[in-house]
Amino acid sequence: MCGIVGAIANRDITPVLIDGLKRMEYRGYDSAGLAVLNSERQIARERSTGRVASLESLVKESNLSGNIGIAHTRWATHGKPSVDNAHPHISKGSVSVVHNGIIENHEELRRQQLAKGYKFTSETDSEVIVHQIEFHLKDSDNLCEAVQKTVAELEGAYALGVICRNNPNTLVVTRRGAPLVIGFGKDETFIASDMSALISVVREYCVLEEGDIATVRTGKTTIYNEHGTEVERERLTSSLSSDDAELGDYRYFMEKEIHEQTRSITETLEGRIGKDSILELAFGPEARPILNDTQEIKLVACGTSYHAACVARYWFEEFGFKTDVEVASEFRYRTPVVNPKTLFITISQSGETADTLAALQYAKKLGFAHSLCICNVPESSLVRQSDLAIMTHAGPEIGVASTKAFTTQLVALLMLAIALRSRRCAGDGCDQQQLDLVNELRTLPAKIDDALQNEALIEQVAKQFEDKNHALFLGRGAHYPIAMEGALKLKEISYIHAEAYAAGELKHGPLALVDENMPVVVVAPNDTLLEKLKSNIEEVRARGGRMIVFADPASGLKTDEDEGMTVINIAPVNSYIAPIIYTIPLQLLSFHVALIKGTDVDKPRNLAKSVTVE
Ligand code: G6P
């Protein structure tokens with residue numbers, strides 16, 4: 001979604017704002033803008049469509065500079081991507097605002113403001129905010145009070161950064177339903193949607209809570225809670241390193257993140273597996289009673305994280321736990337019957353996905369016993385609002401198409417499933433299968449490395465997609481969601497229409513689509529469903545379909561160019577960890593197809609990394 005950054009300092013802050021926007025471009029990237037109070041105490045602004053680099057050129061050309069300013073990178077919701085719709089918005093030359101979120105009652109406010117004579121220059125829902133603040137500043141010059149009065153009239157979600165000509169030493173920020181952090185430097189203070197925007201300037205920061213409003217000054221920042229009481233928010237030290245957000249030798253972040261999976265999975269496992277068991281205390285001191293109390297599992301997530309939930313269902317069920325999986329945007333509007341002994345698990349890379357957060361809040365109202373999140377961002381709203389959080393430790397993921405976040409989510413979920421299993425299957429908590437599972441987890445990094453070695457072969461195979469517009473992905477069992485994830489990756493970054501099917505469903509419709517123009521990608525590990533899957537492969541072959549099969553060498557499946565069948569062997573793996581390993585070739589395939597198609601791999605059109613609005 002959109003990203004906000006702001007700064008107040010005794011130096012020109014435009015380079016910090018531009019750097020922050022670049023680091024947050026993954027949140028949204030159809031337009032960007034920046035406003036500062038310049039030396040004549042006027043609000044000066046530049047905005048442009050496209051990437052932050054275009055804005056940077058404009059800022060250089062116009063010599064924009066100032067000691068206080070706000071900036072924004074946008075992902076359009078209300079109003080097309082255009083310069084007029086780009087933030088910051090300004091009212092009467094006096095107030096300027098950047099907004100992340102959605103204002104649901106903007107039409108009503110717009111009507112009232114038009115009647116008062118305000119002129120609108122954009123189609124956004126956000127512009128009403130700046131006019132409303134300007135209106136409230138008529139009563140007093142106190143910017144914080146004017147923002148407080150304004151947000152009391154807003155319905156929806158917002159994180160705001162506000163500057164005002166008559167308050168040249170104060171930046172006001174507030175949030176509800178969208179994230180915001182304040183970073184503390186020496187005599188300079190910064191704000192941003194997330195800490196990754198600020199890593200080049202500060203380490204110390206605090207996270208604003210729902211409804212907080214803060215007056216940010218160079219020396220002193222004052223925070224008030226939603227009731228207007230002055231509060232302190234815990235000062236934290238960011239562990240992000242600026243290397244994490246640099247490309248190094250790679251061309252794309254997605255490429256870097258695919259190759260980082262050996263390391264990221266090692267970090268997910270670190271400190272969490274003992275000699276023969278999962279060290280569940282490493283999940284937090286409350287983990288044990290919560291897991292002891294769990295009878296059933298409900299998994300809720302969006303996008304790629306939802307696919308991780310779909311895989312995990314197979315593990316939880318096999319280990320004796322009734323499990324239900326649902327996308328967050330649907331769950332939040334249903335009236336499910338709740339067994340109060342159900343552990344409500346959310347999965348999210350960012351921890352800020354609006355639907356997932358709303359689902360968690362809804363689950364609390366519905367009476368689920370406990371909540372647990374699997375998340376990659378420790379400071380996120382989801383982590384703060386869940387009873388228990390298992391961090392994936394994947395490091396910042398910048399590419400919009402999720403890769404290392406997904407495999408580390410799977411690793412965290414498998415560890416959780418094994419920990420729960422010990423309560424159902426293993427009596428005193430240790431048996432041969434548990435030992436085997438724990439040992440398999442240890443082998444994961446090396447096996448990921450093996451799977452990455454197939455890249456050159458996959459690059460060749462990717463050429464088959466050069467002139468294709470559609471593809472089918474097939475899998476069975478826990479590899480059906482892996483096929484779903486493979487299809488999603490291809491769609492997201494190469495714009496090829498791709499659909500995944502449980503291979504047994506092929507005969508109920510998709511077989512009608514199979515011909516030489518429809519590549520069929522098959523995930524064929526050596527598991528109990530392999531023989532069934534082979535029959536499905538024959539169904540495709542008999543109809544002249546072109547197949548790319550990722551298979552265990554023991555499957556007996558062989559490349560047959562005359563029959564249009566390419567088989568890429570994946571080193572043998574245990575069936576529990578196979579979904580994690582078979583994800584790798586599918587990621588590499590979509591990446592190389594996207595390179596051939598010439599798309600913007602890290603920033604696919606119309607998508608955002610973190611969707612903080614409904
Ligand atoms: C967006 C991203 C996806 C991601 C989904 C859920 O759609 O583009 O890559 O899977 O949001 O995000 P989350 O941060 O909750 O995992």
Side-chain angles (χ1 to χ4, degrees), residues 1-3 24-30 75 77 100 177-179 193-194 196 252-254 257-258 264 299-312 325-332 345-361 371-386 389-410 412-413 481-482 484-495 583 586-587 590-591 594 599-614:
M1 205 52 26
C2 305
M24 265 190 321
E25 228 180 345
Y26 70 88
R27 296 178 67 88
Y29 39 77
D30 58 45
W75 185 75
T77 52
N100 172 27
S193 296
D194 73 52
S196 67
Y252 292 97
F253 280 107
M254 184 188 183
E257 287 156 5
I258 289 174
S264 52
L299 293 151
V300 169
C302 301
T304 287
S305 300
Y306 167 69
H307 294 155
C310 294
V311 174
V325 186
E326 199 166 349
V327 286
S329 55
E330 286 299 314
F331 170 76
R332 61 184 289 197
I345 303 180
T346 53
I347 307 169
S348 173
Q349 187 286 127
S350 62
E352 299 296 349
T353 301
D355 283 322
T356 309
L357 281 168
L360 172 61
Q361 275 140 27
S371 60
L372 179 155
C373 73
I374 309 270
C375 190
N376 194 35
V377 181
E379 307 81 24
S380 64
S381 307
L382 199 65
V383 170
R384 283 180 285 120
Q385 291 169 25
S386 301
I390 303 182
M391 303 314 305
T392 47
H393 299 159
E397 190 181 65
I398 310 290
V400 165
S402 187
T403 51
K404 62 176 182 171
F406 178 67
T407 48
T408 53
Q409 285 167 352
L410 289 178
L413 284 159
I482 295 303
M484 286 156 66
E485 175 58 11
L488 178 65
K489 285 288 87 83
L490 193 69
K491 265 189 283 230
E492 282 179 310
I493 60 167
S494 64
Y495 314 149
T583 301
L586 298 185
Q587 293 171 343
S590 63
F591 172 69
T599 58
D600 191 342
V601 172
D602 285 335
K603 300 185 178 95
R605 68 185 181 204
N606 305 338
L607 300 180
K609 179 77 188 152
S610 174
V611 182
T612 56
V613 290
E614 183 167 4

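Whatever order the structure lists ligands and atoms in, that order sets their numbers, starting from 1. Numbers here simply count residues along the sequence, with the first being 1. In what follows, every heavy atom counts, from backbone to side chain, and hydrogens, waters and symmetry copies are set aside.
Considering backbone and side-chain atoms alike, Thr356 places every N or O at 3.5 Å or more from each N or O of ligand 1. Ligand 1 has no nitrogen or oxygen under 3.5 angstrom from a nitrogen or oxygen of Gln409.
Within the model, atoms CG of Leu357 and OG of Ser386 stand 8.5 Å from one another, a figure rounded to the nearest 0.5 Å. Summarising the geometry, atom CD belonging to Glu485 is positioned 9.0 Å from atom OG belonging to Ser305; distances are rounded to the nearest 0.5 Å. To the nearest 0.5 Å, atoms CZ (Phe406) and CD1 (Ile482) are separated by 4.0 Å.
Residue contacts with ligand 1, taken as heavy atom pairs separated by less than 4.0 Å, involve Lys609 solely via the backbone atoms N, CA, C and O. Only backbone heavy atoms of Ala608 (N, CA, C or O) come within less than 4.0 Å of ligand 1; its side chain stays farther off.
Counting only heavy atoms of the protein, atom 14 (O) of ligand 1 lies nearest to Ser350 OG, 2.6 Å. For atom 12 (O) of ligand 1, the nearest non-hydrogen atom of the protein is Thr353 OG1, 3.3 Å. Nearest to atom 5 (C) of ligand 1 among the protein's heavy atoms is Cys302 O, 4.1 Å. At the top of the distance list for atom 10 (O) of ligand 1, counting protein heavy atoms only, stands Thr304 N, 3.0 Å.
One option in Thr403, Val400, Leu488 has a heavy atom closer to atom 9 (O) of ligand 1 than any other, and that option is Val400.
Counting all heavy atoms, side chain and backbone alike, Thr392 lies closest to Ile374 at CG2-CG2, 3.7 Å. Of all the heavy atoms in Leu413 and Ala308, the pair that sits closest is CD1-O, 3.7 Å. When every heavy atom of Ile390 is checked against every heavy atom of Ala412, the shortest pair comes out as CG2-CB, 4.0 Å. Nearest heavy-atom pair across Gln587 and Met254 is O-CE, 4.2 Å.
Near Ser305, meaning under 4.0 Å from any of its heavy atoms, are these atoms of ligand 1: 10 (O), 13 (P), 16 (O).
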